[in-house]
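Every value quoted in this text rests on a predicted model; they were computed, and no experiment measured them.
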Amino acid sequence: MATTPTVETVRELVKQYSNWGRWGTDDQLGTLNHLTPERVAAAAACIRSGKRISMALPMDATGPQVSGGFGGRFNPIHLMFRDGGDIAMGTVVDEFYGGRDRHLRGTDDLIIMALQSSTQWDALAHIFFDGHMYNGFTPDQVTSKGAKVGAVGLAADQMAGRGVLLDIARLKGVAALEPGYAITAADLEAAEKMHGVTVGAGDFLMVRTGMMGERKGNWGDYAGGNAPGLGLESVPFIHGRDIAGLAVDTWGMEVLPNETPDVFQPLHCVFIVGMGLWVGEIFDLEALADDCAADGQYDFFFCAPPMTFTRAVGSPVNPMAIK
């Protein structure tokens with residue numbers, strides 16, 4: 001861009017690429033409206049070998065939210081409240097059985113986690129810009145009890161269809177893009193050509209920067225630090241292809257440092273608030289990228305429903321590519 005983008009640039013992009021009212025003034029699904037039953041059915045043709053590849057990180061203490069995590073997020077905490085020691089000691093849960101030992105023993109556990117601490121979806125209620133979330137809803141719609149509109153659970157029966165991987169790191173011939181690299185529409189189009197695939201309406205687009213493979217196990221400032229990612233020049237491509245969702249292998253999807261010195265995460269404002277685009281972050285695309293490079297198939301059946309937490313604004317997920 002010839003001049004440094006500002007908040008006015010972001011406002012203009014939000015206005016130009018807005019989907020507010022496109023599917024009605026009460027719509028809460030945003031770009032998932034592109035995902036018609038016919039497109040889901042057609043996506044089944046991508047299943048040819050039966051290979052199944054997960055794109056989720058292990059949800060445990062070794063995750064990317066190190067040093068307290070960005071914005072107070074922390075890695076999942078896994079605790080057992082019944083374990084093998086209880087069994088060995090003869091502890092019996094017998095309150096419900098009239099005091100009789102009926103021989104069954106079991107273990108139980110729990111998780112304490114920030115819902116966006118690992119591989120996850122952003123809900124449309126996650127981001128506000130200039131006092132509004134997607135489709136004009138106001139901050140009073142997200143209370144201390146959660147989101148009244150735009151909650152992640154609305155997508156529980158939506159996140160399945162054709163997935164497409166665009167491997168920008170492989171396009172550039174590097175293991176990982178450099179922090180601060182802004183992916184453009186031209187990059188995305190060049191990756192389509194290189195991979196022999198076209199991103200279409202209702203697709204779920206995966207964009208690989210390689211940062212996950214470079215940082216996994218040695219996270220450093222992965223969560224909130226400088227990173228490659230989508231830039232403002234990618235907006236016409238993302239909007240024009242009518243995709244259902246977008247997922248990237250970085251903490252925040254877009255390039256850091258941001259291209260707008262006065263707006264943090266401007267593409268979150270354009271994509272989530274303006275377009276109603278469902279955004280996935282911290283996706284582990286390494287195994288998928290290697291497999292696509294090996295067999296030359298860069299599309300697949302994608303399935304990644306969020307968990308049905310009531311009124312949540314994000315959700316951990318185990319995304320699957322089935323080829």
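- Of all the heavy atoms in Thr62 and Asn75, the pair that sits closest is C-ND2, 4.3 Å.
- Here the closest heavy-atom approach between residue Arg215 and residue Asn226 is recorded as NH2-O, 4.5 Å.
- In this structure, Val255 stands alone, with no Ile, Leu, Val, Met, Phe, Trp or Tyr side-chain heavy atom under 4.5 Å from its own, directly or through other members.
- Follow the hydrophobic side-chain contacts under 4.5 Å out from Val197 and you reach Leu288 in the same cluster.
- Residues Arg22 and Asp242 are paired through a salt bridge, judged by an N-O separation under 4.0 Å between the basic side chain and the carboxylate.
- Within the structure, ring-ring contact (aromatic ring centres under 6.0 Å, His included) contacts touching residues 167-186 (residues at least two apart or in different chains) do not occur.
- Using modelled atom types, no side-chain atom of Glu192 and backbone atom of Thr198 make a donor-acceptor pair closer than 3.5 Å.
- Here the closest non-hydrogen pair linking Ala244 and Leu32 is O-CD2, 3.8 Å.
- Checking side-chain atoms of Thr308 against main-chain N and O of Gly153 turns up no donor-acceptor pair under 3.5 Å.
- Side chain of Asp108 to main chain of Phe81: no donor-acceptor pair is present (N/O by atom type, distance under 3.5 Å, no hydrogens or angles).
- In this model, no donor atom of one side chain and acceptor atom of the other lie less than 3.5 Å apart for Asp262 and Thr260.
- When ring centroids are compared, Phe283 and Trp121 come within the 6.0 Å threshold.
- Annotation: ring-ring contact (aromatic ring centres under 6.0 Å, His included) contacts involving residues 201-245, sequence neighbours excluded, comprise Tyr17-His239, Phe204-Phe302, Trp219-Tyr222.
- Using a cutoff of 4.0 Å between basic side-chain nitrogens and carboxylate oxygens, Asp130 and Arg11 are scored as salt-bridged.
- Linking Ile, Leu, Val, Met, Phe, Trp and Tyr residues whenever their side-chain heavy atoms come within less than 4.5 Å places Val40 and Val164 in a single cluster.
- Each of Asn33, Asn19, Asn135 was scored for a side-chain hydrogen bond (donor to acceptor under 3.5 Å, both in side chains) with Asp27, with one residue passing: Asn33.
- Here the closest heavy-atom approach between residue Gly161 and residue Ala43 is recorded as C-CB, 3.5 Å.
- The hydrophobic cluster containing Met320 does not contain Leu165, counting ILVMFWY residues as joined when their side-chain heavy atoms lie under 4.5 angstrom apart, directly or transitively.
- With sequence neighbours left out, Ala191 forms a side-chain contact (heavy atoms from CB on, under 4.5 Å) with Leu166, Ile168, Leu171, His195.
- With sequence neighbours excluded, the residues that form a side-chain contact (heavy atoms from CB on, under 4.5 Å) with Asp83 are Met80, Asp86.
- Listed here is the closest heavy atom pair of Ala125 and Ala147: CB-CB, 3.7 Å.
- One hydrophobic cluster holds both Phe74 and Leu79 under the rule that ILVMFWY side chains link at heavy-atom gaps under 4.5 Å.
- Every residue meeting the side-chain contact (heavy atoms from CB on, under 4.5 Å) condition with Leu154, not counting sequence neighbours, appears here in chain and number order: Gln28, Leu29.
- For Lys51, the NZ atom counts as densely surrounded, since its 6.0 Å shell holds more than 12 non-hydrogen atoms of other residues, nucleotides or ligands.
- Nearest heavy atom pair, residue Pro139 against residue Gly131, reads CD-O, 3.2 Å.
- A salt bridge does not link Lys172 with Glu178: none of the charged nitrogens is closer than 4.0 Å to a carboxylate oxygen.
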Set out, in order, the CA-CA distance, both residues' side-chain angles and the distance that settles salt bridge (charged side-chain N to carboxylate O under 4.0 Å, His left out) for Arg208 and Asp290, then state yes or no.
CA-CA 11 Å; Arg208 177 177 176 264; Asp290 288 345; 5.8 Å; no

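- Evaluation of the side chain to side chain donor-acceptor pair (under 3.5 Å) rule for Asp26 yields no partner, not counting sequence neighbours.
- There is a side-chain donor-acceptor pair under 3.5 Å between Asn318 and Ser54.
- For an aromatic pair to be called close, the ring centres must be under 6.0 Å apart, and His34 with Trp23 satisfies this.
- The other members of the hydrophobic cluster of Ile111, by chain and number, are Met59, Met113, Leu115, Met307, Phe309 (side-chain heavy atoms under 4.5 Å, ILVMFWY only).
- The stretch residues 149-175 participates, sequence neighbours left out, in no ring-ring contact (aromatic ring centres under 6.0 Å, His included) pair at all.
- In the model, Asp167 has no side-chain atom that pairs as donor or acceptor with a side-chain atom of Tyr298 under 3.5 Å.
- Residues that satisfy the side chain to side chain donor-acceptor pair (under 3.5 Å) test with Thr209, not counting sequence neighbours, are Asp249.
- Between Leu188 and Ser234 the shortest side-chain heavy-atom distance falls below 4.5 Å.
- Taking the side chain to side chain donor-acceptor pair (under 3.5 Å) definition, one finds that Lys216 meets it with Asp284, sequence neighbours left out.
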Full working for side-chain contact (heavy atoms from CB on, under 4.5 Å) between Trp20 and Met275:
CA-CA 7 Å; Trp20 291 17; Met275 289 172 49; over 6 Å; no

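- Contacts of Gln297 classified as side-chain contact (heavy atoms from CB on, under 4.5 Å), with partners at least two apart in sequence or in another chain: Cys46, Arg48, Asp295, Asp299, Lys323.
- No more than 12 heavy-atom neighbours from other residues, nucleotides or ligands sit within 6.0 angstrom of CG on Asn218.
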Decide side-chain hydrogen bond (donor to acceptor under 3.5 Å, both in side chains) for Asp109 and His78; before the verdict, give the C-alpha distance in whole Å, the side-chain angles of both, and the deciding distance to 0.1 Å.
CA-CA 7 Å; Asp109 47 2; His78 178 217; 2.8 Å; yes

